[in-house]
Amino acid sequence: MAAPDGRELAAIFVGGALGGLARAVLETVAAAGPGQWPWATFGANVVGAFLLGYFTTRLLERLPVSSYRRPLLGTGLCGALTTFSTLQVAILRMFEHGQPGLALGYLSASVVAGLAAIHLATGLVRRVRARG
């Protein structure tokens, strides 16, 4: 078993710190109460999906291979910015507060908006001609 690459771990750490900081700011500025639409989580997840689609497509199709860009931007930044567990907690709280329609709407909107964001980001990267 190979030893972990310290530079790769550092890239994940730096990206994670930036993504976590952005998420904390969003959650502080736009905190939702029980039974309310969690705009901060929704926005972070949709923006994170867009960024992940953009970075993944750009890194794989447009830029030279790098050992540290994907861990920095994908695993670190987008991994810390987005969160499936917070989405789950928000949905459970909506159910607990007697709002199953809001919960199902939030779940559906999150999945649809996330997929749309990935599709849009990928399309934007692919539309721009490669510089040669």
Side-chain angles (χ1 to χ4, degrees):
M1 181 174 200
D5 182 346
R7 293 175 293 185
E8 185 175 342
L9 293 175
I12 293 169
F13 176 81
V14 169
L18 294 172
L21 179 61
R23 175 168 205 76
V25 168
L26 278 172
E27 291 291 341
T28 301
V29 171
Q36 293 180 326
W37 189 275
W39 285 106
T41 301
F42 181 79
N45 287 339
V46 173
V47 168
F50 179 88
L51 291 174
L52 189 58
Y54 179 86
F55 292 145
T56 300
T57 306
R58 184 143 172 85
L59 293 174
L60 291 175
E61 297 180 9
R62 299 284 190 228
L63 296 175
V65 174
S66 166
S67 298
Y68 308 110
R69 287 184 189 132
R70 275 192 7 207
L72 172 74
L73 300 171
T75 306
L77 179 73
C78 293
L81 177 61
T82 62
T83 178
F84 186 64
S85 60
T86 302
L87 178 129
Q88 290 178 18
V89 169
I91 290 169
L92 288 175
R93 284 189 182 152
M94 290 174 195
F95 275 113
E96 289 170 355
H97 285 87
Q99 296 178 316
L102 184 63
L104 294 174
Y106 177 59
L107 175 61
S108 299
S110 295
V111 171
V112 170
L115 290 172
I118 291 170
H119 180 73
L120 176 64
T122 300
L124 287 173
V125 171
R126 289 180 176 159
R127 189 176 341 148
V128 175
R129 286 197 301 182
R131 299 179 191 251

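If you read the sequence from its start, that first residue is 1, and numbering goes on from there. Excluded from the calculations below are hydrogen atoms, water molecules and symmetry mates; all remaining heavy atoms, backbone and side chain alike, are included.
- Taking both residues in full, the closest heavy atoms of Gly53 and Ala121 are given as C-CB, 3.9 Å, listed atom of the first, atom of the second, then distance.
- No continuous path of hydrophobic side-chain contacts links Val46 to Val25 [ILVMFWY only; heavy atoms under 4.5 Å].
- Side chains of Leu104 and Met94 form no contact here, defined as non-hydrogen atoms less than 4.5 Å apart.
- Shown here for Ile91 and Ala103, the closest heavy-atom pair between the two residues is O-CB, 3.8 Å.
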Practice problem: May I have the step-by-step check of side chain to side chain contact (heavy atoms under 4.5 Å, CB included) for Glu27 and Thr41, ending in yes or no? | Solution: CA-CA 7 Å; Glu27 291 291 341; Thr41 301; 2.8 Å; yes
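- Here Leu18 contributes atom CG and Phe13 contributes atom CZ; the two are 9.5 Å apart, rounded to the nearest 0.5 Å.
- The hydrophobic cluster containing Ile12 does not contain Phe55, counting ILVMFWY residues as joined when their side-chain heavy atoms lie under 4.5 angstrom apart, directly or transitively.
- If you chain together hydrophobic residues whose side chains sit under 4.5 Å apart, Ile118 and Val47 never meet in one group.
- The shortest heavy-atom contact between Ala32 and Pro38 is CB-CA, 3.7 Å.
- Taking every heavy atom of both residues into account, Gly48 and Cys78 meet most closely at O-SG, 3.9 Å.
- For the residue pair Arg23 and Thr82, the shortest heavy atom distance occurs at NH1-CA, 4.2 Å.
- Two residues are said to be in side-chain contact when any heavy atoms from C-beta on lie closer than 4.5 Å; His97 and Leu102 fail this criterion.
- How far CG of Asn45 is from CG of Leu81: 7.5 Å, rounded to the nearest 0.5 Å.
- When the shell of 6.0 Å around CZ of Arg69 is examined, it contains more than 12 heavy atoms from other residues, nucleotides or ligands.
- Within the 4.5 Å cutoff, the side chain of Leu72 has heavy atoms near those of the Val14 side chain.
- Linking ILVMFWY side-chain heavy atoms closer than 4.5 Å, directly or via other members, places Phe84 and Leu107 in a single hydrophobic cluster.
- A distance of 8.5 Å separates OG1 in Thr57 from CG in Leu52, rounded to the nearest 0.5 Å.
- More than 12 heavy atoms of other residues, nucleotides or ligands sit less than 6.0 Å from atom CZ of Phe95.
- When the shell of 6.0 Å around CZ of Arg70 is examined, it contains 12 or fewer heavy atoms from other residues, nucleotides or ligands.
- Criterion: ILVMFWY side-chain heavy atoms under 4.5 Å apart, direct or through other members. Under it, Leu115 and Tyr106 are part of a common hydrophobic cluster.
- The neighbour count for Phe42 CZ, taken as heavy atoms of other residues, nucleotides or ligands under 6.0 Å away, is above 12.
- Here OH of Tyr54 is found 9.0 Å from CG of Leu59. Values are rounded to the nearest 0.5 Å.
- Considering every non-hydrogen atom in both Glu61 and Arg126, the closest pair reads OE2-NH2, 2.6 Å.
- Here CG of Leu92 is found 9.5 Å from CG of Leu87. Values are rounded to the nearest 0.5 Å.
- The distance from the OG1 atom of Thr122 to the CZ atom of Phe50 is 9.0 Å, given to the nearest 0.5 Å.
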Exercise. Check the pair Arg127, Leu124 against side chain to side chain contact (heavy atoms under 4.5 Å, CB included), reporting the backbone distance first and the verdict last.
Key: CA-CA 5 Å; Arg127 189 176 341 148; Leu124 287 173; 3.9 Å; yes
